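Notes follow once the structure below has been shown.
What you are looking at is a predicted structure, and each value in this text was computed from that prediction instead of being measured. Naming: A, B, ... by sequence-line order, numbering from 1 per chain.
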Number of protein chains: 2
Amino acid sequence: MPANLARNRIDTRSKVLEAALHLFAGGGYFNTSVHDIQREAQVSIGSIYHHFGDKEGVARALYTELLEQTDGELKRINERGGSAQERCRAAVALLFEMTEAEPKSMQFILHAQHREFLPNEPPICSSAPFRRMREMVEAGIQSGEIRPLDAMIAAACLFGGPIRLIHLRLDGVLAAPLQEHLETAWDCAWRAVAV
Amino acid sequence: MPANLARNRIDTRSKVLEAALHLFAGGGYFNTSVHDIQREAQVSIGSIYHHFGDKEGVARALYTELLEQTDGELKRINERGGSAQERCRAAVALLFEMTEAEPKSMQFILHAQHREFLPNEPPICSSAPFRRMREMVEAGIQSGEIRPLDAMIAAACLFGGPIRLIHLRLDGVLAAPLQEHLETAWDCAWRAVAV
DNA sequence: GTCTATATTCGGATAGAC
DNA sequence: GTCTATCCGAATATAGAC
């Protein structure tokens, strides 16, 4: 396959996804028309339908792409080894960094109600990244770092505070970058479940 | 004003709101048409526009009504007195009870992205109920029950876990009623911020 | 205040040339 | 693979009788 052909294909595809992310994160899926995406991406509407089938296909591609990316980062944290505490803390740090570096992505992953426009997707909390975070908590329970609670409950209690802060930041309620709150937030989170 | 006239007016209005809540909570605002509401409420579409102006008006009425109701309950908790710890715990218990008793209301208040369809509303976290919960936390900091953190951060850390659990329950990920997790969830939450 | 019928806009999706 | 022009259904909102 000629390189420039592949390049063009990728370019169009990613131009669409980038535009869609921008618009979905800003006004939401339903307030964004395919015509809006087309205009923003500087691509014809025919191309969008050619690549993604329908509007839902754009959202689905974006969703799975972002989740896979996030899951990859979490996987790397796990592979670095260390205690459950260190891994969980690194996960929170990662989410905070992502929120500051890619607020739109975070907005779309965490803040949107996907089931309203991707009816076949399972709830976000049973997606790969969330499962992986739960696994970290399970490991912590096994190793005795975390109190012997139901893993699902413990994960909610551990990550609930940090996730709440991400929501507040995305809503513009918190003025300062999340990193400035990392130490405090992590301290609180860990106290909640530590032995 | 004749009683039956008032009755009818209230009946129509509340029939519409109940139907709208059902549909909004089930499929979301944008997947619900005014015709759907009309059908579900057994009311003419003209009545809906007469009472609420437009579709957004229905959502707004529902939203403010539910928030006021919730805020009223929280206010009563505050008026009962007691330590900040007791009040905050009562707030969590209230939210858990509401989730089980009125899952649709909770879904609509907590889970929906209101800014997508009520563009003029402030974010939910700056609404009256959330403000009131933050005030409870501030009182706890004043009284020395809670560590001297930024009140916004402390509130997020304290209520983040329980709110996360509510989300999980509404998504059908948790099988058991939230009340069964109240003791554990509160214990974790309080450890996060207690002195 | 409530109803039915209707207007109008808009947005998702397709056709078919290049 | 990309483009433009077009179709068509759906959904919001209104008109106007009762």
Legend entry - Worked check of side chain to side chain donor-acceptor pair (under 3.5 Å) between Thr184(A) and Asp187(A): CA-CA 5 Å; Thr184(A) 311; Asp187(A) 181 46; over 6 Å; no
Legend entry - Those residues of residues 25-44 of chain A lying under 4.0 Å from DNA chain D by at least one heavy atom: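 Close to the strand are Val43(A), Ser44(A).
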Legend entry - Step-by-step side-chain contact (heavy atoms from CB on, under 4.5 Å) determination, Tyr63(B) to Leu66(B): CA-CA 5 Å; Tyr63(B) 186 67; Leu66(B) 290 174; over 6 Å; no
Rounded distance in Å - [atom1] ([X]) to [atom2] ([N]):
X         : N       : atom1 : atom2 : answer
Tyr49(B)  : dA7(C)  : OH    : P     : 17 Å
Phe117(A) : dG12(C) : CZ    : P     : 13 Å
Asp11(B)  : dT2(C)  : CG    : C1'   : 14 Å
Ile48(B)  : dC3(C)  : CD1   : P     : 10 Å
Lys55(B)  : dA11(D) : NZ    : P     : 9 Å
His51(A)  : dA13(C) : NE2   : P     : 17 Å
Glu56(A)  : dG11(C) : CD    : C1'   : 15 Å

Legend entry - Closest heavy-atom pair and its distance - Gln107(B), Ala25(B):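 Closest approach of Gln107(B) to Ala25(B), heavy atoms only: CG-O, 3.7 Å.
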Inset, instruction - Check whether any side-chain heavy atom of Val137(A) lies under 4.5 Å from a side-chain heavy atom of Phe159(A), and answer yes or no. - result: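 Of all side-chain heavy-atom pairs linking Phe159(A) with Val137(A), at least one is under 4.5 Å.
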Legend entry - Below 4.0 Å: OP1/OP2 of dC3(C) and any side-chain N or O of His50(B):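 Negative; the distance criterion is not met.
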Inset, instruction - Determine: side-chain N/O of Thr12(B) to OP1/OP2 of dG1(C), distance under 4.0 Å, yes or no. - result: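 No, outside the criterion.
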Legend entry - Atom CD of Glu116(B) with >12 non-hydrogen neighbours under 6.0 angstrom: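 Counting other residues, nucleotides and ligands, CD of Glu116(B) exceeds 12 neighbours.
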Legend entry - Salt-bridge criterion met for Glu86(B) and Arg80(B) (N-O under 4.0 Å):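 No.
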Legend entry - Per Ile45(B) side chain, nearest of listed nucleotides dT14(D), dT2(C), dT2(D):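 Within the option list, the nearest is dT14(D).
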